Visitor: 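Quick one: the structure is below, and I'll ask about it shortly.
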Amino acid sequence: MAIPKIKKQDVLDALKYIDENGVPFHNQSTKYELVTEEGKKYPPKYVIAVADRIANGTDISVEGFNAVEAKTYLQGQGFDIQIKQEKYELTITADVVTSTDERFTMNNLSLGDGYKPLDAYFKRANGEVVKRSYSKGERRNSNQTMPRIACQIFEKQISGLSVEEKENFPICKYNPDSEMICGIYSNVDEFKKHRNTIEYFTYGYDNGRQFVIYCWNIFSTIIFVQECLKRFGDAGDQFILTYREKDEKESKVETEATVQEELVQQFKGYRNPYSSVLIESKNIIFRGAPGTGKSYLAKEIATDIISNGYFDDYTMLTDEQRKQVEFVQFHPSYDYTDFVEGLRPRVNEDGSMGFELQDGVFKKFVARARKNYEDSLKSKEEIEKEVSAQTMIDDYLDDLDLGNNDSTALKTVNGHIFYITGYDERHISVYIPDNETVDKLSVSRDNIQKMLESGKKFTKVKEVTEFFGKKFGTQGYSYELPICHAIQAKKHRKPVAGTGSVELKKYIFIIDEINRGEMSKIFGELFFAIDPGYRGRAGEVSTQYSNLHDNPDEKFYIPENVYIIGTMNDIDRSVDSFDFAMRRRFRFIELRADDHLEMLASLDDDELEAEAIRRMSALNKEIANVAELNENYQIGASYFLKLKTLDFDQLWTDYLQPLLQDYIQGMYDEKGIMDKFAKAYGYKKPNDGDVNEAIQD
């Protein structure tokens, strides 16, 4: 079976032929479609058959090759081949639920996870069709559309139910053995008292009142809709739902969108109003005058979010919670190696110098967040397998007597002896005495763990290669296989009991003085990945050193639960303007000099605090009067925190005066301007006698 000898031009000519003559009914495609840029669709096998006729003069026949071969060939020629989507229609009446998809069954409503709604409407017994009256911002054709129409049609009847009747109203029963999920609630808080999940929808009516009902997949409210028909409908009324199967990409996007929805819904109740801004925007930059408390505010917001609004003092975070926050400060010599990854020198076991690839601070941080994000999507069973495999590996390695050949010797499938010489969190080092070319190798702990988690009994390297989806095996597989066998053969302690689902956490990365670094040099290809619109796998990229990774095909992405706060003093003359490619990826928030006066409460002296505010306000008013300056040059409250150890005059001479002199350098009448600043602040220059006495003191 093979594709006939044809060229791309033959295919293009075949498309013209089909446009003119059409496609015989028996040659219609059942699975794939060739789709042109104009949106025209053609059956791939018939296209090949027509192209063969044009090129070789044969009869038009689809025999001799299959649909997959036709699809693969056409894709190789640059044509867009898509899976042909078949539409299904679900009909709900008071008595029965039927679908044109023969696979549908009321005994397994979980199947709805794999389908996407295309349309939904209510059809009265007299033939009248009622569609959803969408509210502002409501998505068309979502999993919630059908139950929303039910609420729309039967709003008065539902609202007239008693509290008890609403709480006992049947909503969903996924299979005969599962519980019946019940309840129509008046608000989200009431709903969550019974079912603490984001799997719900809200229907607003009557000036602020709500119905809150469980809803997850496309089939999860069928029972609710049918119950509405039974109680409130007329004979012959029905709901119609049109749907199709999701493709793989849609399933991933929906999962990530659900995670994002959960993260956004969690921001209610934070102490700081900027916390919710960060959750909604993903990336923000605080800009403004020096001393406005930008860095202080960034840590306060991070603490507020990590503690779920319980406190905003960073020192109160536990050691575990602090792993969810990272703080770096950019400077002109900061680069990609520091931030993402790069080669670093290392001393080998034999004392020689070499280089190894090491992750930078941002990539390490993202790895922690990504593990939490991915673990939060796993089932309890998957997590238990993972923990069990980790425990098995740790048990085996901890019991090794490194340096003792009897303890560390293993054999490959081919009988070659090798020894384990060391290990770390990511690799296991082995020594291969029979290999004259490469006698030292680092194999992947992650690969071994995945093999253990699978529960498979691997006997050949070829099986390992197929398990990892590779065409060709690597040298590492030959040593990972016997290590896996040795671990499986050992008796292990049981993992910690009670391993359950993982809570999705938020991770905050703070970049102080973000504009002092050279953006393109630091972020490299991550310009794309940090874009709020491309979080998750939609924004995955290959990093510059991906060819040196254990798995060169693995992509880097920033998960939904990572948030970035930058701070910048945009009057700093030592740096260039902020990179425009980065600028559009951040939400910029200006902090004025008097925005955070509350920080002066930490002076613990009401009179001192009041005097500091009075002097700061007077000085800033005078600064604003200088034509060449603006509000960005005003003095922020954090300068006045130095009054804990200084007096007002020392604050002026040692901090404020040098800064203001730098501001007005080169202006006309510098001395006159400085005198006005000093007068507004309340500083009086001492005479020579006062200075001498001060020095003696």
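In this text the structure is predicted, and so the values were computed from the model without any measurement.
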Visitor: Go through it in stages, so that I can follow the logic: the residues are Phe330 and Phe339, the test is ring-ring contact (aromatic ring centres under 6.0 Å, His included), and I'd like the CA-CA distance, side-chain angles, deciding distance and then a yes or no.
Guide: CA-CA 10 Å; Phe330 280 1; Phe339 194 66; 5.6 Å; yes
Visitor: Which distance, rounded to the nearest 0.5 Å, do you find between the OG1 of Thr303 and the CD of Glu300?
Guide: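 Answer for the OG1-CD pair, Thr303 versus Glu300, is 8.0 Å.
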Visitor: Which residues satisfy the side-chain hydrogen bond (donor to acceptor under 3.5 Å, both in side chains) test with Arg322, sequence neighbours excluded?
Guide: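 Scan of Arg322 (side-chain hydrogen bond (donor to acceptor under 3.5 Å, both in side chains), adjacent residues dropped) gives none.
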Visitor: Check this for me, if you would: do Lys385 and Glu382 make a salt bridge, where the nitrogen-to-carboxylate-oxygen distance has to be below 4.0 angstrom?
Guide: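 The answer is no: the pair does not qualify as a salt bridge.
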Visitor: Apply salt bridge (charged side-chain N to carboxylate O under 4.0 Å, His left out) to Asp206 and list each qualifying residue two or more places apart in sequence or on a separate chain.
Guide: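 For Asp206, the residues satisfying salt bridge (charged side-chain N to carboxylate O under 4.0 Å, His left out) (neighbours in sequence not counted) are Arg209.
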Visitor: My understanding is that only residues two or more places apart in sequence, or in another chain, count here; which of them pass salt bridge (charged side-chain N to carboxylate O under 4.0 Å, His left out) with Glu374?
Guide: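 Counting only residues at least two positions away or on another chain, Glu374 forms a salt bridge (charged side-chain N to carboxylate O under 4.0 Å, His left out) with Arg370, Arg537.
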Visitor: Out of curiosity, Lys642 NZ to Gln650 CD, how far, rounded to the nearest 0.5 Å?
Guide: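 Between atom NZ of Lys642 and atom CD of Gln650 there are 12.5 Å.
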Visitor: Roughly how far apart are Asn272 CG and Asp312 CG, rounded to 0.5 Å?
Guide: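 Interatomic distance, Asn272 CG to Asp312 CG, rounded to 0.5 Å: 7.0 Å.
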Visitor: State, yes or no, whether a side-chain contact exists between Ile530 and Phe586 at a heavy-atom distance under 4.5 Å.
Guide: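 With C-beta onward as the side chain, the pair touches.
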Visitor: Using the side-chain hydrogen bond (donor to acceptor under 3.5 Å, both in side chains) criterion, which residues pair with Ser542? Sequence neighbours excluded.
Guide: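 Listed in chain order: Lys555.
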Visitor: Report yes or no: is the cationic atom of Lys299 (NZ for Lys, CZ for Arg) under 6.0 Å from the centre of the six-membered ring of Phe327, at an angle within 45° of the ring normal?
Guide: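 Output yes; distance and angle both within limits.
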Visitor: Work out which heavy atom in Leu504 is nearest to a heavy atom in Tyr373; give both atom names and the distance.
Guide: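 Shortest heavy-atom contact: CD1-CA, 4.0 Å.
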Visitor: For the NZ atom on Lys521, are there more than 12 heavy atoms of other groups (residues, nucleotides or ligands in this structure) within a distance under 6.0 Å?
Guide: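 Above 12, so yes.
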Visitor: Any ion pair linking Glu453 and Lys450 (charged N to carboxylate O, less than 4.0 Å)?
Guide: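 No salt bridge links Lys450 with Glu453.
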Visitor: Applying salt bridge (charged side-chain N to carboxylate O under 4.0 Å, His left out), name anything that partners Arg287, two or more places apart in sequence or on another chain.
Guide: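 Only Asp570, Glu590 meet the salt bridge (charged side-chain N to carboxylate O under 4.0 Å, His left out) criterion with Arg287.
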Visitor: If I take atom NZ from residue Lys505 and atom CG from residue Asn372, how far apart are they, to the nearest 0.5 angstrom?
Guide: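 CG of Asn372 is found 6.0 Å from NZ of Lys505.
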Visitor: Does the Asn168 side chain pair with the main chain of Cys182, one donor and one acceptor, at a distance under 3.5 Å?
Guide: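 Looks like no, no N/O pair under 3.5 Å.
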Visitor: Kindly give the heavy-atom pair with the smallest separation between Ile564 and Leu278, and that separation in Å.
Guide: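 The answer is O-CD1, 3.7 Å.
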Visitor: Go through Tyr274 and Phe286 one step at a time and tell me if the ring-ring contact (aromatic ring centres under 6.0 Å, His included) criterion holds.
Guide: CA-CA 10 Å; Tyr274 289 122; Phe286 291 118; 5.3 Å; yes
Visitor: Look at atom OH of Tyr296 and say whether more than 12 heavy atoms of other residues, nucleotides or ligands are closer to it than 6.0 Å.
Guide: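 Atom OH in Tyr296 is not packed in, count stays at 12 or less.
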Visitor: Could you measure the distance from the NZ atom of Lys166 to the CZ atom of Phe211? Nearest 0.5 Å is fine.
Guide: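 It is 5.5 Å, given to the nearest 0.5 Å.
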Visitor: Looking at Glu179 and Arg195, does any basic side-chain N land under 4.0 Å from a carboxylate oxygen?
Guide: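 Salt bridge present between Glu179 and Arg195.
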Visitor: I'd like to check the side-chain hydrogen bond (donor to acceptor under 3.5 Å, both in side chains) partners of Glu386; sequence neighbours left out, ordered by chain and number.
Guide: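 Glu386 satisfies side-chain hydrogen bond (donor to acceptor under 3.5 Å, both in side chains) with Lys371, Lys378 once adjacent residues are dropped.
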Visitor: Is there a side-chain contact between Leu651 and Tyr681 (heavy atoms, below 4.5 Å)?
Guide: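 The answer is yes, as the side chains (C-beta and beyond) meet within the 4.5 Å cut-off.
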Visitor: Residues two or more places apart in sequence or in another chain: which of them pass side chain to side chain contact (heavy atoms under 4.5 Å, CB included) with Asp606?
Guide: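 Asp606 satisfies side chain to side chain contact (heavy atoms under 4.5 Å, CB included) with Glu609 once adjacent residues are dropped.
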Visitor: Considering residues at least two apart in sequence or located in another chain, which fulfil the side chain to side chain contact (heavy atoms under 4.5 Å, CB included) criterion with Asp338?
Guide: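 Partners of Asp338 by the side chain to side chain contact (heavy atoms under 4.5 Å, CB included) criterion, ordered by chain and then number, come out as Tyr334, Asp335, Arg344.
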Visitor: Do the non-hydrogen side-chain atoms of Pro117 and Thr145 ever get within less than 4.5 Å of each other?
Guide: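 They are not in contact (no side-chain heavy atoms under 4.5 Å apart), so the answer is no.
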Visitor: Between the side chains of Ser444 and Asp446, is a donor N or O closer than 3.5 angstrom to an acceptor N or O?
Guide: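 No, because no side-chain N or O of Ser444 sits under 3.5 Å from a partner of the opposite role on Asp446.
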Visitor: Could I get the full list of side-chain hydrogen bond (donor to acceptor under 3.5 Å, both in side chains) partners for Glu341, not counting sequence neighbours?
Guide: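 Partners of Glu341 by the side-chain hydrogen bond (donor to acceptor under 3.5 Å, both in side chains) criterion, ordered by chain and then number, come out as Lys363, Thr543, His549.
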Visitor: Evaluate the ring planes of Phe523 and Phe527, with Trp represented by its six-membered ring, and classify them as parallel (under 30°), tilted (30 to 60°) or perpendicular (over 60°).
Guide: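 Aromatic pair Phe523/Phe527 classed tilted.
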Visitor: Are Gln324 and Leu317 close enough that some pair of their side-chain heavy atoms sits under 4.5 Å apart?
Guide: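 A side-chain contact under 4.5 Å is absent here.
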Visitor: On a heavy-atom basis, which atom in Asn143 and which in Pro147 lie closest, and how many Å separate them?
Guide: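 For Asn143 versus Pro147, the nearest heavy atoms are O-CD, 3.8 Å.
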Visitor: List the residues meeting side chain to side chain contact (heavy atoms under 4.5 Å, CB included) with Glu326, not counting sequence neighbours, and say none if there are none.
Guide: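 Side chain to side chain contact (heavy atoms under 4.5 Å, CB included) list for Glu326, sorted by chain: Val361, Phe365, Arg368, Phe509.
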Visitor: Could you work out, with side chain to side chain contact (heavy atoms under 4.5 Å, CB included) as the rule, every residue matching Ser295, not counting sequence neighbours?
Guide: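 Ser295 satisfies side chain to side chain contact (heavy atoms under 4.5 Å, CB included) with Asp512, Thr567 once adjacent residues are dropped.
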Visitor: Can you sort out the partners of Glu320 under salt bridge (charged side-chain N to carboxylate O under 4.0 Å, His left out), two or more places apart, ordered by chain and number?
Guide: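 Glu320 satisfies salt bridge (charged side-chain N to carboxylate O under 4.0 Å, His left out) with Lys323 only.
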Visitor: Once rounded to the nearest 0.5 Å, what's the spacing between atom CD1 of Ile514 and atom CD1 of Ile565?
Guide: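 Here the interatomic distance stands at 11.0 Å.
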Visitor: Would you say Val340 and Phe556 make side-chain contact, with heavy atoms under 4.5 Å?
Guide: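 A side-chain contact under 4.5 Å is absent here.
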Visitor: Within 45° of the axis and under 6.0 Å from the centre of the six-membered ring of Phe640, does NZ or CZ of Arg615 qualify?
Guide: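 No, a cation-pi geometry is absent between Arg615 and Phe640.
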Visitor: Quiz question: by atom type and distance under 3.5 Å, do the side chains of Gln358 and Tyr545 form a donor-acceptor pair?
Guide: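 No, Tyr545 and Gln358 have no side-chain donor paired with an acceptor closer than 3.5 Å.
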